[in-house]
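Next up is a structure, given as structure tokens.
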Amino acid sequence: MANHIAPSPKAGGWRSPHGLLRLSVVVAVVTIVLKMMAWWLTGSVGLLSDALESFVNLAGAMFALAMVTIAQRPADADHPYGHHKAEYFSAGFEGLLVMGASLAIIWVGVARWINPQPLERLDWGLGLSLLSTALNGWLAWVMLRSARQYRSMALEGDARHLLTDVWTSVGVVAGLVLAHVTGWLWLDAAVAVAVGLHILVQGGQLVWESSQGLMDSAVDAEARSAIDRCLQQCAEQVQSEEGVALAFDSITTRRAGERSFVDLHMHAPGQWTLAHAAQWRTRVEQALMQAIPGLQARIEVLPDGMATAYEQAMAQQPPSTN
């Protein structure tokens, strides 16, 4: 089987999670300047709401960078499984920031809806807003591709936040154009409120996905199917080479940031020596880790037909009525 293990998140230059999150901090500062200038020139509350979200982008990118750095620390005595889950704190924190910003945006939007204000110098304001939107859109696209490659929850959370900012800016610009064309100044405030409600939902989704990661969710269906196929191929290989059956059961999986884990039992023929069974266990572990990127496999070898004390106890429990 070909080796598909993903590159180290510290590798890859500026396209690595560390590099992109550093770039995200820089882009956030630039967009804050551009959007605050756009708001100052126009007096638009929609552009103000857009600028406020950019401050959240900056805080989120800085926190994500810190969590990615922590996640790459090696396992130690206090954290024998590593620090990979730190990335989920980043996504959850960013989601809370998004929700907080959305409430502030809605508050400002409602106040301006009640007391509409004239808009000025929309040409410069819209130009600056569109420039910052293009920067955020490009960075979000690159970050999403890198997040899939490195399986980084922190990078994905920051990228999705940036995409939310892009759609926010597009909506604000559309509202300002309509307000200018129609003379309905309340459209500026209406767009700000709509933007606030939209990013409130996005923030809630980020918090939910972060909580699922912290609760040791199983690997996705695609990865589980790859594990099952790999084990089936290993069993067929043993049958072909040894002429005996090899069985696998008690398969459990979990995800933690960029890493995935699988624990299972391998039932070997009773006549095998311990050393021979251990050789096949090593071959199965290597096949699993090569087939599924970022997977760490732990296999317990048992004689064929034997169960662990835990499995025996579970088998004696009455079936659940739920």
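Just so it is clear, the structure is predicted and the values come from calculations on it, not from any experiment.
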Task: Distance, nearest 0.5 Å, that separates OG of Ser146 from CG of Leu139 - done: 10.5 Å
Open item on the list: Using only atom types and a distance under 3.5 Å, with no angle test, would you say the side chain of Ser225 pairs donor to acceptor with the backbone of Ala221?
Closed with: yes
Task: Least distance between heavy atoms, Met143 atom then Ala159 atom - done: CB-CB, 3.6 Å
Task: Flag if over 12 foreign heavy atoms under 6.0 Å of CD, Glu222 - done: no
- [ ] Taking all heavy atoms of Thr253 and all of Arg224, pick out the closest pair and write down the distance.
- [x] CG2-CD, 4.4 Å
Task: Cluster link Val181 to Leu130, ILVMFWY, side chain under 4.5 Å - done: yes
Task: Leu163 vs Leu144, side chain to side chain contact (heavy atoms under 4.5 Å, CB included): CA-CA, chis, key distance, verdict - done: CA-CA 10 Å; Leu163 280 179; Leu144 280 176; 3.4 Å; yes
Open item on the list: Could you check whether any side-chain heavy atom of Ser24 comes within less than 4.5 Å of a side-chain heavy atom of Leu162, counting everything from C-beta outward?
Closed with: yes
Task: Approximate separation, where rounding is to 0.5 Å, of Ile299 CD1 and Arg281 CZ - done: 7.5 Å
Task: Separation of Ile227 CD1 from Ser260 OG (nearest 0.5 Å) - done: 7.5 Å
Open item on the list: Which residue is it: Leu34, Asn136, Leu126? I am looking for the one with a side-chain contact (heavy atoms from CB on, under 4.5 Å) to Leu131.
Closed with: Leu34
Open item on the list: Side chains of Thr133 and Val173, heavy atoms from C-beta outward: is any pair under 4.5 Å?
Closed with: no
Open item on the list: Restricting to non-hydrogen atoms, name the atom on Leu295 and the atom on Leu288 that form the minimum distance, rounded to 0.1 Å.
Closed with: CD2-O, 3.6 Å
Task: Polar contact flag, side-chain donor to acceptor under 3.5 angstrom, Gln233-Gln237 - done: no
TODO: Could you tell me whether a side-chain N or O of Thr182 sits under 3.5 Å from a main-chain N or O of Leu178, the two making a donor and an acceptor?
DONE: yes
TODO: Measure across Asp228 and Ile251 and return the closest heavy-atom pair with its distance rounded to 0.1 Å.
DONE: OD1-CD1, 4.3 Å
- [ ] Write down the atom of Ser129, the atom of Ala38, and the distance for their closest heavy-atom approach.
- [x] N-CB, 4.5 Å
Task: Spatial distance of atom CG (Leu264) from atom CD (Glu300) [nearest 0.5 Å] - done: 9.5 Å
Task: Sub-4.5 Å side-chain heavy-atom contact between Ser169 and Lys35 - done: yes
- [ ] Over all heavy atoms of both residues, which pair between Ala268 and Leu246 is shortest? Give the atoms and the distance, please.
- [x] CA-CD1, 3.7 Å
Open item on the list: Just checking Trp272: does its CH2 atom have more than 12 heavy atoms from other residues, nucleotides or ligands closer to it than 6.0 angstrom?
Closed with: yes
TODO: Find the distance between CE (Met266) and CG (Asp249) and round it off to the nearest 0.5 Å.
DONE: 11.5 Å
Task: Beyond-backbone contact of Met37 with Val33, side-chain heavy atoms, under 4.5 angstrom - done: yes
Open item on the list: Taking the side chain as everything from C-beta on, heavy atoms only, tell me whether Leu128 gets closer than 4.5 Å to Leu41.
Closed with: yes
Open item on the list: Measuring from atom OG1 of Thr252 to atom NE2 of His265, what distance do you get when rounded to the nearest 0.5 angstrom?
Closed with: 8.0 Å
Task: Joint hydrophobic cluster, Phe248 plus Val262, side-chain heavy atoms closer than 4.5 Å - done: yes
